[in-house]
Amino acid sequence: MKTETKQAVNKQRVLPPVFQYPSAAVPLLITQGAEALLYRSTYLLPSIPCALKYRPSKPYRHPILDVRLTKHRILSEARVLVKCKREGVPVPAVYALDEAAGWLMIEWIEGEVVRIRLNEWLKRRKDEDLAEGVDDEQLLELMTRVGSAVGRLHAVGVVHGDLTTSNLMLRPRSREGLNGDLGAAVNTLEGDIVLIDFGLASQSQADEDRAVDLYVLERAFGSTHPRAESLFGEVLREYGKSFKGANVVLKKLEEVRMRGRKRSMIG
Ligand SMILES: Nc1ncnc2c1ncn2[C@@H]1O[C@H](COP(=O)(O)OP(=O)(O)O)[C@@H](O)[C@H]1O
Ligand SMILES: [Mg+2]
């Protein structure tokens, strides 16, 4: 490794001062994505957990471009989150940010992403040897809540840009999850949908953009389980009811699917 590259890699490990701020809990690394590191810490009081999304500089990018890109991503994610929150779309609240230092601090969402919760649930059902279709009610209800959350997002003029089951969280309602029987809560699909990860989001009312959001989500559910894909119709049914113009988007989705199929045939 060349010396400059090594230095750049080391520099990337130096965390901004917010990570050492006296009132903050020692940040705990939760996940490391391609673009961002996600830490759990606290905000103002030790009793208020927060998620700290840090975008370290990329040593292979031109430094000026790198700073500009990081600033842009953080500001745009924060802007969209604030707009969604104000308009009643279920997203984490924004607590603080420093776009120059590369971090965004948002509300910590209890619970788990839908992908994991759904896999656990499907596995349990398989282990218990329940016939297909048993308990489908819970799956259908989950799909309904997802359709409604995405509909609300689109209704306020925001498209997500990366709508996968890892970017949808299932937050237990306090009664069931936190005080009640936690073991039982883990094995259910109950809870409120909270949309996260707005790094690729944009403000758009275009049917095409909205349809692509739905298409990406449909594929994500499909890769979890064929059964989940067949139940995706429930997401669309609820989505169709969620705002004026949603049905036009559903029509557009058929076009987007066709294009997707053609593309995969060509390879
Ligand atoms: N506000 C939050 N509360 C709790 N966990 C979160 C929160 N935001 C993100 N996470 C967790 O961190 C993971 C990565 O965060 P995300 O915003 O999706 O970044 P990335 O761009 O790396 O996918 C999520 O899949 C989720 O498990
Ligand atoms: Mg993500």
Side-chain angles (χ1 to χ4, degrees), residues 12 15-16 18-19 24-58 61 66 69-86 89-99 102-121 142 146 149-150 153 158-174 177-178 182 185-186 189 191-202 212-213 216-217 219-221 223-224:
Q12 159 183 339
L15 296 167
V18 67
F19 283 80
V26 177
L28 187 70
L29 184 64
I30 303 294
T31 61
Q32 176 160 10
E35 296 279 331
L37 303 170
L38 200 290
Y39 292 84
R40 187 182 203 268
S41 183
T42 57
Y43 170 64
L44 298 179
L45 296 173
S47 56
I48 305 176
C50 71
L52 194 49
K53 198 168 175 176
Y54 175 49
R55 295 180 177 275
S57 63
K58 300 261 183 195
R61 249 190 231 146
D66 184 62
L69 215 59
T70 301
K71 279 188 183 176
H72 174 78
R73 296 254 166 87
I74 289 171
L75 287 175
S76 99
E77 181 162 13
R79 228 175 260 133
V80 169
L81 283 171
V82 168
K83 179 188 167 85
C84 285
K85 193 82 198 166
R86 194 172 46 218
V89 183
V91 299
V94 174
Y95 290 159
L97 61 90
D98 184 338
E99 77 278 15
W103 58 263
L104 171 66
M105 190 189 268
I106 58 178
E107 179 185 357
W108 180 259
I109 305 298
E110 298 295 341
E112 191 47 270
V113 297
V114 167
R115 183 178 56 84
I116 292 183
R117 191 47 58 77
L118 192 57
N119 280 335
E120 282 170 1
W121 191 81
L142 173 71
V146 170
V150 177
L153 178 73
V158 173
V159 291
H160 187 280
D162 187 21
L163 211 49
T164 64
T165 48
S166 300
N167 289 334
L168 294 174
M169 292 194 69
L170 204 48
R171 169 165 56 192
R173 297 187 184 121
S174 49
L178 301 176
L182 207 65
V186 166
L189 297 175
D192 294 318
I193 296 291
V194 181
L195 301 149
I196 60 163
D197 196 359
F198 286 80
L200 295 171
S202 54
V212 169
D213 252 3
V216 169
L217 186 61
R219 299 290 294 250
F221 270 110
S223 65
T224 312

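Since we're looking at a predicted model, the values are computed, not measured. When a ligand or atom number is given, it counts from 1 through the structure's own listing order.
Of all atoms in ligand 1, numbered sequentially from 1 with element shown, those under 4.0 Å from a heavy atom of I106 are 1 (N). Of all atoms in ligand 1, listed by their number and element, those nearer than 4.0 Å to a heavy atom of N167 are 18 (O). In summary, the atoms of ligand 1 found under 4.0 Å from a heavy atom of W108, numbered by their order in the structure, are 3 (N), 4 (C), 5 (N). Which parts of ligand 1 touch L38 is read off a 4.0 Å heavy-atom cut-off, strictly below it: atoms 9 (C), 10 (N), 12 (O), 15 (O).
Looking only at heavy atoms of the protein, atom 1 (N) of ligand 1 is closest to E107 O, 2.9 Å. Scanning the protein for heavy atoms near atom 22 (O) of ligand 1, the closest one is G33 CA, 3.8 Å. Regarding atom 13 (C) of ligand 1, its nearest protein heavy-atom neighbour is T31 OG1, 3.5 Å. Given atom 7 (C) of ligand 1, the protein heavy atom at minimum distance is A51 CB, 4.0 Å. From the protein, the heavy atom lying nearest to atom 3 (N) of ligand 1 is I109 N, 2.8 Å. Closest protein heavy atom to atom 21 (O) of ligand 1: D197 OD2, 3.2 Å.
Between K53 and ligand 1, a contact under 3.5 Å exists for at least one N or O pair. Any N or O atom pair closer than 3.5 Å counts here, and E77 shares no such pair with ligand 1. Polar contact with ligand 1: absent for M169 (N/O pair, distance under 3.5 Å).
In this structure, S166 counts as a contact residue of ligand 1, since one of its heavy atoms falls inside 4.0 Å of the ligand. Within the 4.0 Å heavy-atom cutoff, I30 does not count among the residues contacting ligand 1.
Rounded to the nearest 0.5 angstrom, L45 CG and C50 SG are separated by 11.5 Å. From D213, atom CG reaches atom CG of D162 across 9.0 Å, with rounding to the nearest 0.5 Å. Between S41 atom OG and W103 atom CH2 the span is 10.0 Å, to the nearest 0.5 Å. Taking CG from L97 and NZ from K71, the interatomic distance works out to 12.0 Å, rounded to the nearest 0.5 Å.
Remark: D192 engages R173 in a side chain to side chain donor-acceptor pair (under 3.5 Å) (not counting sequence neighbours).
With no hydrogens or angles considered, a side-chain donor-acceptor pair links S166 and R115 at under 3.5 Å.
Both tests pass for R40 against the ring of W108: distance under 6.0 Å to the centre and angle within 45° of the axis.
Ordered by chain and number, N167 OD1, D197 OD2 make up the set of protein N, O or S atoms under 2.8 Å of the Mg ion (ligand 2).
Within the 4.5 Å cutoff, the side chain of P56 has heavy atoms near those of the Y54 side chain. Within the 4.5 Å cutoff, no side-chain heavy atoms of V113 are placed close to those of L168.
Comment: E107 does not engage K53 in a salt bridge, judged by the lack of any side-chain N to carboxylate O separation of less than 4.0 angstrom. A salt bridge does not link E99 with R73: none of the charged nitrogens is closer than 4.0 Å to a carboxylate oxygen.
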### Task
Step by step, work out the side-chain contact (heavy atoms from CB on, under 4.5 Å) result for V212 and L163.
CA-CA 9 Å; V212 169; L163 211 49; over 6 Å; no
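Only the side chain of V113 comes within contact range of ligand 1, with a heavy atom under 4.0 Å; no backbone atom does.
Looking at H160, its side chain does come within 3.5 Å of a backbone N or O of I196 through a donor-acceptor pair.
Within a 6.0 Å radius of NZ in K83, more than 12 heavy atoms belonging to other residues, nucleotides or ligands are found.
For the residues I196, L52, D162, the heavy atom positioned nearest atom 26 (C) of ligand 1 is part of I196.
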